[in-house]
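A short worksheet on the structure shown next.
All chains are named by letter (A, B, ...) in the order of the sequence lines, taking the proteins before the strands, and each is independently numbered beginning at 1.
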Amino acid sequence: MDLRLKALTKSIWVFHISAGSCNNCDIEILDCLTPRFDLERFGIQLVGSVRHADALLITGAMNRKSVPRMKKIYEQAPKPCVVIAVGQCALSRHMFRDSYNVCEPLDKILPVDLYIPGCPPKPEAMIDGIIKLVNKIKEVKK
Amino acid sequence: MMIILKEMFYYFVFPGLLFGTGIGLLAGWVDRKVTARLQWRVGPPWYQNFVDILKLFGKETIVPRGRAATFLLAPYLGFLSLGLAAAIIGRALINPAVSFAGDLIVILYLLTMPAIALIIGASSSRNPLASVGAGREMKLILGYELPFIMALATIAIKSGSIKLGSILTYQLNFGSFFYSWSGAIAMVVAIFCAQAKMGFAPFEISEAEQEIMGGVLIEYSGIPLAVFKLTKALLLYTMPLLLVVLFLGKDLHPLFIIGKFVIFLVIFILIKNTNPRLRIDQAMSFFWGPVSLLALAAVILALMGK
Ligand code: SF4
């Protein structure tokens with residue numbers, strides 16, 4: 001396996017986009033960084049600038065205002081970069097699917113690599129999902 | 001020819017760029033691990049910083065609209081000049097006889113280069129947050145440079161020389177400067193200034209992850225970002241080493257040097273972890289007020305021979 005990808009799987013810097021979420025998913029994401037779960041031991045860090053990001057964590061139901069901005073942010077991220085949809089809202093628009101303000105689920109807008117269901121998903125579920133994603137990347141590139 | 005090759009080896013491999021960044025990255029890991037343990041976390045494995053750098057080398061480099069040349073070259077400016085400082089300090093430690101007259105002044109200039117490189121790079125990215133960061137960095141330089149120069153002046157007065165080699169031989173003969181009043185005060189001043197130079201909390205005002213999103217580094221990605229991270233690592237190697245040379249230069253056995261290096265590192269990390277970030281005006285008044293007064297006291301004490 002190629003060295004760069006190996007390094008990438010060991011040091012994932014995450015940029016967090018909240019695209020109209022109810023804030024609960026975001027709180028659960030922050031929980032991953034607390035002493036109890038401590039994602040830094042896998043080299044996962046939350047970064048403030050999308051230019052440093054290796055993964056975009058997207059939460060929320062993507063209302064009309066946030067979709068163009070989200071696309072812009074995705075274009076600004078340096079590739080290779082994965083997109084992770086966190087929470088039922090990002091997966092399927094959840095209870096907002098009939099809203100006038102919410103147009104499409106996330107995977108019709110951006111190429112999603114990992115779905116983490118739940119409302120909100122537990123931190124354990126997120127860590128589990130990321131490990132699955134890492135294994136997937138490793139297998140694809142073998 | 002051989003001499004040139006040898007000098008190249010000193011600069012690029014040992015004790016310059018390669019060795020310095022290696023040690024610096026390890027020191028960065030110590031910092032992250034200690035921080036994690038203080039917050040009751042496990043912390044990253046020891047190779048984490050190396051993996052981070054390796055990963056950044058494999059990422060795409062995005063150049064924003066603006067001055068592409070200065071944007072891309074600025075990181076190397078800081079990194080290479082800091083490497084020169086590391087090589088000069090390291091060589092003086094290995095053999096005090098080889099250093100040249102006035103290298104203390106050269107080091108003083110070279111140590112400002114990383115900050116200047118940050119300012120140039122950030123300004124050429126044309127990002128508003130980066131320019132806020134660059135402005136803060138500039139003010140911070142104005143703040144800490146004055147007491148830092150005074151701390152170095154204390155050493156120069158005490159040893160009667162601006163040559164690292166003779167500063168070291170003076171301490172070998174008459175004991176470390178730390179054990180005199182003026183030396184101890186100057187060391188406290190220099191520790192604060194080094195903290196600001198390395199961009200550690202409470203002085204990471206120009207980066208301020210939570211406030212201006214990485215500030216000066218906001219537009220950097222891929223290899224230039226990696227070079228900036230390497231510069232930071234190199235600073236983490238150079239600053240403690242410089243403090244060892246200036247203030248605790250008595251026993252130059254490798255084990256003692258490592259021990260003193262670790263002591264300074266631990267002091268930096270403890271200050272970092274126990275202090276919240278200052279505002280830029282607070283940092284300025286801190287450096288121009290109490291710290292400068294302390295430095296002045298050190299200079300006066302040194303002139304009186306204390
Ligand atoms: S999935 Fe649930 S918790 Fe998450 S943003 Fe939607 S409604 Fe909120």
Checklist line | Greater than 12 external heavy atoms within 6.0 Å of A:Arg69's CZ | finding: no
Checklist line | Region of B:Phe50 in contact with chain A, defined by heavy-atom distances below 4.5 Å | finding: neither
Notebook entry, point to check: Of all heavy-atom pairs between A:Pro80 and B:Gly58, which one has the smallest distance, and what is that distance?
Noted result: CD-O, 4.2 Å
Next item on the list: Please name the residue in the list B:Arg41, B:Gln39, B:Lys33 that meets the side-chain contact (heavy atoms from CB on, under 4.5 Å) test with A:Glu40.
Entry: B:Arg41
Note to self: Looking at every non-hydrogen atom in both residues, tell me the closest pair between A:Asp38 and B:Val42 and how far apart they are.
What the structure shows: OD2-N, 2.9 Å
Margin query: Taking the six-membered ring of A:Trp13 as reference, does the cationic atom of B:Lys59 (NZ for Lys, CZ for Arg) lie under 6.0 Å from its centre and within 45° of its axis?
Written below: no
Next item on the list: Would you give the length of the straight line joining atom OG of A:Ser49 to atom CG of B:Asn127, rounded to the nearest 0.5 angstrom?
Entry: 8.0 Å
Check: For the atom pair NE2 (A:His52) and CG (B:Leu56), what is the distance rounded to the nearest 0.5 Å?
Finding: 8.5 Å
Next item on the list: Using non-hydrogen atoms and a 4.5 Å limit, figure out which bit of A:Phe37 sits close to chain B: side chain, backbone, both or neither.
Entry: neither
Margin query: Are the side chains of B:Leu54 and A:Lys10 in contact, using a 4.5 Å heavy-atom criterion?
Written below: no
Notebook entry, point to check: About how many Å separate CD1 of B:Ile62 and CD of A:Gln76, when rounded to the nearest 0.5 Å?
Noted result: 7.5 Å
Note to self: Does B:Tyr47 have more than 12 heavy atoms from other residues, nucleotides or ligands lying within 6.0 Å of its OH?
What the structure shows: no
Next item on the list: Might you confirm whether atom CZ of B:Phe148 has over 12 heavy atoms from other residues, nucleotides or ligands at distances under 6.0 Å?
Entry: yes
Margin query: Using a 4.5 angstrom heavy-atom cutoff, name the option from B:Lys55, B:Gln48, B:Glu60 with the most pairs to chain A.
Written below: B:Lys55
